[in-house]
Amino acid sequence: MQISIKRLVSCFINLILFIILTLMWIRFRNIEIAPTNWSIYVSITAVSLLIIQLITIIKLKIGIHDFVFWYIILQFLFYYGRIIVYALGLDAEVPWKLFLMYPENVIFKASIFALCFTQGVFVGIISIKNTKKQSINKLKVKSDYYSSKVLFLAGIIMFIMTFPFEVYKNISTIMAQKAGEYVAVIQINGMVAALGTISVAGIIVIIASQKLKMKNAVILLGLYGVYQVLYMMLSGDRRQAITSFIVLGLCMIKTYNIKINFRKMLMLSVVAYFMFIFLSAIKTVRQNGIIMSEVVIAMNEILRNGNIFVEVLGEFGSTFFTIVNSIAYYPQYYPFIAGKSYLASILIIIPGVFTSLYPNLFKATTIPENLQAIDGNPCGGSLGQDLFANFGEYGILFMIILGIIIALVSRRYKNPSKFDNCKYYIVFLILINVVRTGVYEITRTLVFGLVIFKIACVISNKEERNSIFKLNS
């Protein structure tokens, strides 16, 4: 495989930055007292890395339809949003006082490890070309076998199969939060949660099949959007819905070749801004019952104080503390897992087998639950957390490899069929959650999503062939 000079230079420059950050980790890994104003320096470094990474992908002609673009943006928000709020002296406005729950030197070390993770994974991602070309014969076979009608029916089958699980998962989350608890993916039931997470993939397939007129596709999106808004209102959790809307929006734009100009972008931004304000107001008043007059008052308060961005950065950026708690408690409370969680993420794909045959290994590799058992903080999981809990500081050595794996999984065809577009956006939908979840959730959900898609296509194709046979007989 040939590598262009432009890609080679980009990899070299970003690799140098990764080495510098690694040397920073070596310099500060045993620090007892965090430097003064460390959060300001880390914030400036994180923003600088974001700018460099965006310039790099622009040079490599990676656009907004590509997984890499959104991964970079969302990872920045989820890993550094809370640090930036803290650096601005506004963390007191965020309800969850996580900075008070861990030693400052541990938080500082975690921020350096996070910077290494961000840059190391990026080096791995850009080392692999984000697109590939398939043969004309292969494209023709796919186009013949997976027609618009087949894919449309497959999408309906997928949605019918998985949406009840999403409803169950959402209700469980809402009920747990009302009781002041936290529901993780594994705590609900791994298989149920995975199936519920991929229900939106059915809508993606319906849209990408190009069977619907754009007007009907917009109505479909609107109906699903209403459901998600209701869930966000009742749960206060906006992260999953936002990533789903991003992928659905990109799928719509690609499928119907929608041109996004400045006017449309501005309008979407204004709508998104007021939607965030509305949801924030709901989140503020929902404990005492949702009364519209109180919602309006809360919205006015948010507009006057201008703290919507602080709230969003504070909520999303809490993922950073998944790295903090792993550094705080591994190996002090738990021994390093030495790669076992990656093996477990494969074994757990088959429901019930791994948990029954290897219960001790299962317990040892459920990292977020083990960490929550110590301090009670439901921070969840992340790939950065996985690396440290498995290998400690030597996890830095595997960051580039992890980036290469992400790049290979998320690659798309230059000349895709409708089937390829469906598959790409399903992978996109599931894989983008690596910015806020660990390998456990991603591996199982990704396999389930692709397997169910394939099964739905086989059923749909068989139905179409039976219909054709009946018409010809």
Should F448 and T197 count as side-chain neighbours, where that means a heavy-atom distance under 4.5 Å?
no

Could you walk me through whether N433 and T243 pass the side chain to side chain contact (heavy atoms under 4.5 Å, CB included) check?
CA-CA 8 Å; N433 286 292; T243 53; 3.8 Å; yes

T319 side chain near V435 side chain, heavy-atom distance below 4.5 Å:
no

A quick test of your reading: do over 12 heavy atoms of other residues, nucleotides or ligands sit less than 6.0 Å from NZ of K132?
yes

Nearest 0.5 Å, please: how far is CG in D66 from OG in S410?
6.5 Å

Smallest heavy-atom separation, T443 atom then V439 atom, equals OG1-O, 2.8 Å

In N325, N390, T322, T437, the residue satisfying side-chain hydrogen bond (donor to acceptor under 3.5 Å, both in side chains) with Q385 is N325

As an exercise, state the distance from CG of L250 to OH of Y424, rounded to the nearest 0.5 Å.
8.0 Å

Within the distance-only criterion (no hydrogens, no angle test), does the side chain of R411 pair as donor or acceptor with the backbone N or O of T131 below 3.5 angstrom?
yes

Distance from F159 atom CZ to I198 atom CD1, nearest 0.5 Å?
12.0 Å

List the residues meeting side chain to side chain contact (heavy atoms under 4.5 Å, CB included) with K142, not counting sequence neighbours, and say none if there are none.
Q134, K138, Y146, Y413, S417, F419, D420

Any side-chain heavy atom of Q119 sitting closer than 4.5 Å to one from M399?
no

Taking C-beta and beyond as the side chain, do C379 and V324 meet within less than 4.5 Å on heavy atoms?
no

Within a strict 4.5 Å, meaning less than it, do heavy atoms of the V451 and I455 side chains meet?
yes

Mind checking what makes side chain to side chain contact (heavy atoms under 4.5 Å, CB included) contact with L223, not counting sequence neighbours?
I219

Quick one: list whatever passes side chain to side chain contact (heavy atoms under 4.5 Å, CB included) with F398, sequence neighbours left out.
L387, F391, I401

Please say which of I404, V434, I442, L431 ends up in a side chain to side chain contact (heavy atoms under 4.5 Å, CB included) with V409.
L431

Could you tell me which non-hydrogen atom of M158 sits nearest to which non-hydrogen atom of A201, and how far apart they are?
CE-CB, 3.8 Å

Can you tell if the side chain of L221 reaches within under 4.5 Å of the side chain of I207, non-hydrogen atoms only?
yes

Can you name the closest pair of heavy atoms from L383 and I406 and give their distance?
CD1-CD1, 4.1 Å

Inter-residue atom distance K259.NZ - I253.CD1, 0.5 Å rounding
11.0 Å

Please check if the side chain of S460 supplies one atom and the backbone of A456 the other of a donor-acceptor pair under 3.5 Å.
no

Nearest heavy-atom pair of V247 and L429: which atoms, and what distance?
CG2-CA, 3.8 Å

Donor-acceptor list for residues 71-89 side chains, cut-off 3.5 Å, not counting sequence neighbours:
residue: Y71; atom: OH; partner: Q75; partner atom: NE2; Å: 2.6
residue: Q75; atom: OE1; partner: T118; partner atom: OG1; Å: 3.4
residue: Y79; atom: OH; partner: G384; partner atom: N; Å: 3.4
residue: Y80; atom: OH; partner: A114; partner atom: O; Å: 2.9
residue: Y80; atom: OH; partner: L115; partner atom: N; Å: 3.3
residue: Y80; atom: OH; partner: T118; partner atom: OG1; Å: 2.6
residue: R82; atom: NE; partner: D91; partner atom: OD1; Å: 2.6
residue: R82; atom: NH1; partner: W96; partner atom: O; Å: 3.3
residue: R82; atom: NH1; partner: S318; partner atom: OG; Å: 3.3
residue: R82; atom: NH2; partner: D91; partner atom: OD1; Å: 3.4
residue: R82; atom: NH2; partner: W96; partner atom: O; Å: 2.2

What are the two closest non-hydrogen atoms of V205 and L151, and how far apart are they?
CG1-O, 3.1 Å

As an exercise, state the distance from OG of S148 to CD1 of I206, rounded to the nearest 0.5 Å.
13.0 Å

Would you please name every residue forming a ring pair (Phe, Tyr, Trp, His ring centres under 6.0 Å) with Y227, sequence neighbours left out?
F163

Show the numbers, then the answer: is there a side chain to side chain contact (heavy atoms under 4.5 Å, CB included) between I367 and S326?
CA-CA 8 Å; I367 300 168; S326 64; 5.5 Å; no

Is it true that D386 and S341 share a donor-acceptor pair across their side chains at a distance under 3.5 Å?
no

I would like to know whether L212 and Y256 meet side chain to side chain contact (heavy atoms under 4.5 Å, CB included); could you show each step before the answer?
CA-CA 10 Å; L212 287 180; Y256 297 101; 3.8 Å; yes

If I take atom NZ from residue K462 and atom SG from residue C457, how far apart are they, to the nearest 0.5 angstrom?
15.0 Å

Under the side chain to side chain contact (heavy atoms under 4.5 Å, CB included) test, residues paired with S10 that sit two or more places apart:
T56, L60, I126

Side-chain (K211) to main-chain (A208) donor-acceptor, under 3.5 angstrom
no

F321 side chain near L371 side chain, heavy-atom distance below 4.5 Å:
no

Taking atom NZ of K213 as the centre, report whether more than 12 heavy atoms of other residues, nucleotides or ligands fall under 6.0 Å from it.
no

Taking the side chain as every heavy atom from C-beta outward, state whether Y425 and R412 have any atom pair closer than 4.5 Å.
no

